[in-house]
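We count ligands from 1, going down the list as the structure has it; atoms in each ligand are counted the same way. Note that the coordinates shown come from a computational prediction; the quantities given were computed from them, not determined experimentally. Every heavy atom of this structure was used, including side-chain atoms; hydrogens, water molecules and symmetry mates were not.
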Amino acid sequence: MTEKIPFAHPYIGREEEEAVLRVLRSGWLTTGKESLAFEEEFGNFLKKGNIVKSDEGPFCMAVNSATSGLHLALEAAGIKEGDLVLLPSMTFTATAEVVRYLGAEVVFVDVIKDGFHMDPLALERTLERLSSGLCAYNNGNEGEGFGPKGNAKAIIPVHYGGLVREMEAILALSKKYKLKVIEDAAHSFPSFLPDKNKKESGHWAGDIGDAGVFSFYATKTISTGEGGMVITRNREIAERVKIMRSHGIDRSIWSRYTDNKASWYYEVLEPGFKYNIPDILSAIGRVQLERADDLLSMRQTIASAYDDAFSNDEHFSIPPTGDGDARHLYPLLLNLNKLTVSRNEFAAMIQEEGIGVSVHYIPLHIQPYYKKRYSLNEMDFEQTFKTYNRCLSLPIWPGMKEGQIEKIIRVVKNLAIKYNKNL
Ligand SMILES: *Cc1c(COP(=O)(O)O)cnc(C)c1O
């Protein structure tokens with residue numbers, strides 16, 4: 001039996017085990033001082049170094065998942081029933097479902113050609129249609145088109161794979177059309193986007209728009225098993241998220257037990273949600289946060305080995321990356337015109353060699369729910385559908401051995417040669 005290489009694997013050590021035991025033995029399992037410390041240390045991480053000049057970091061609110069965080073951030077940004085929220089079809093369903101939680105409508109936007117990120121030109125075309133009272137999508141005829149129409153209120157850009165792209169153009173459009181920007185930063189802790197003009201300054205992913213949300217799901221760049229963090233510099237959004245993540249109650253559970261006020265007294269301001277993170281998980285998060293830079297550099301090492309192997313191979317294309325990117329995924333685009341096999345066949349053959357691969361993402365516009373709700377066809381988002389048919393994600397987890405990286409490269413390149421169209 002050859003050794004299997006999984007697609008993803010968490011990086012957990014003795015320190016995480018000890019942190020969990022510390023909490024289990026403390027007598028306080030739910031949200032409390034570990035979670036407060038996690039938020040504070042997360043904020044310090046975002047302040048550290050010379051990259052963010054201001055002493056003021058963003059507000060950081062830990063939650064039980066990025067999905068909860070996105071829901072809270074949109075709610076706090078004022079998204080309501082009937083509003084329109086624009087987002088790429090090339091994403092995980094969580095990005096869109098939270099829009100539906102609020103009764104708002106999802107408007108999909110195509111990705112850039114040969115890429116994974118929302119195309120600002122496609123975004124602008126959609127916004128122009130909506131602001132002239134037309135439906136979001138053009139069916140080639142003169143009429144009003146099809147899909148949702150109404151008031152666009154927010155954009156959710158997704159930093160796919162930890163790669164931060166097109167944000168300047170997206171921000172410019174958000175200003176022009178007065179839209180909130182909630183970043184789906186699930187993949188991008190920690191991704192840094194340097195300023196075009198001043199290299200020493202810039203922004204962390206998640207700290208570019210009105211709010212951003214990171215995920216600490218099992219496979220993400222740092223993990224608490226399940227968990228997430230909302231960040232924002234907008235005090236009103238922060239206050240609202242804090243209240244709504246714990247039932248719409250005006251005092252956190254922890255403060256009820258530590259304040260001078262009677263511990264049983266609280267006021268319910270809204271029918272909120274139960275999205276708080278338990279201390280058991282925050283304790284793991286604090287350790288993972290300390291590892292974040294090491295984990296990043298381990299992923300960067302793997303990514304550059306792949307870049308060297310695949311960037312000059314005619315069978316593959318890879319999306320452009322920046323130095324500050326978190327490299328959560330390693331997406332490979334197959335040049336199908338050079339191969340005799342489909343992406344599905346190619347992926348299956350890699351898996352037969354004991355290497356886990358994945359596809360990010362099956363576009364949302366071809367998923368039954370969204371397809372039916374908005375009457376969508378595969379080619380309505382042509383670039384998204386084309387990228388989907390040729391993309392493949394390779395394993396990129398900290399702790400992978402050099403031999404494993406070499407094996408993956410060898411297997412993938414040899415399969416491409418074996419199924420080369422011209423042979
Ligand atoms: C993982 C993921 C989410 C959701 O994260 P959870 O913490 O699992 O809720 C949202 N968006 C994207 C793009 C993701 O990959």
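Relative orientation of the Phe42 and Phe38 rings is perpendicular, given thresholds of 30° and 60° on the angle between their planes. Note: His117 and Tyr160 have perpendicular aromatic rings, judged against thresholds of 30 and 60 degrees for the angle between ring planes. The aromatic rings of Tyr374 and Phe108 lie perpendicular to each other, with more than 60° between the two planes, well past the 30° mark. Relative ring orientation between His71 and Phe273 is described as tilted, the plane-to-plane angle lying within the 30° to 60° band. Ring planes of Phe310 and Tyr306: tilted class, angle from 30 to 60°.
Those atoms of ligand 1 with a heavy atom of Ala94 less than 4.0 angstrom away are 4 (C), 10 (C). Counting the atoms of ligand 1 from 1 in the order shown, those under 4.0 Å from a heavy atom of Thr95 are 11 (N). The contact set between ligand 1 and Thr67, taken as ligand atoms under 4.0 Å from a residue heavy atom, comprises 4 (C), 6 (P), 9 (O). Near Thr91, with a cut-off below 4.0 Å to any heavy atom, the atoms of ligand 1 are 13 (C).
Inspection of the Ser393 and His360 side chains reveals an N or O donor paired with an N or O acceptor under 3.5 Å.
Using a 4.0 Å heavy-atom cutoff, Gly227 is listed among the residues neighbouring ligand 1. Residue-ligand proximity: Lys220 is placed with a non-hydrogen atom under 4.0 Å from ligand 1. Contact analysis leaves Tyr160 out of contact with ligand 1, as no non-hydrogen atom separation drops below 4.0 angstrom.
In terms of N/O distances under 3.5 Å, ligand 1 is approached by Ala66. Polar contact check, His187 against ligand 1: a nitrogen or oxygen pair lies under 3.5 Å apart. Considering backbone and side-chain atoms alike, Glu226 places every N or O at 3.5 Å or more from each N or O of ligand 1.
Considering only non-hydrogen atoms, atom 7 (O) of ligand 1 lies nearest to Ser215 out of Ala218, Ser215, Ala186, Gly225.
Taking Asn64 as the reference, Ser68 meet the side chain to side chain donor-acceptor pair (under 3.5 Å) condition, with sequence neighbours excluded.
Val357 pairs in a side-chain contact (heavy atoms from CB on, under 4.5 Å) with only one of the listed residues (Ile5, Leu332, Val412, Leu392), which is Leu392.
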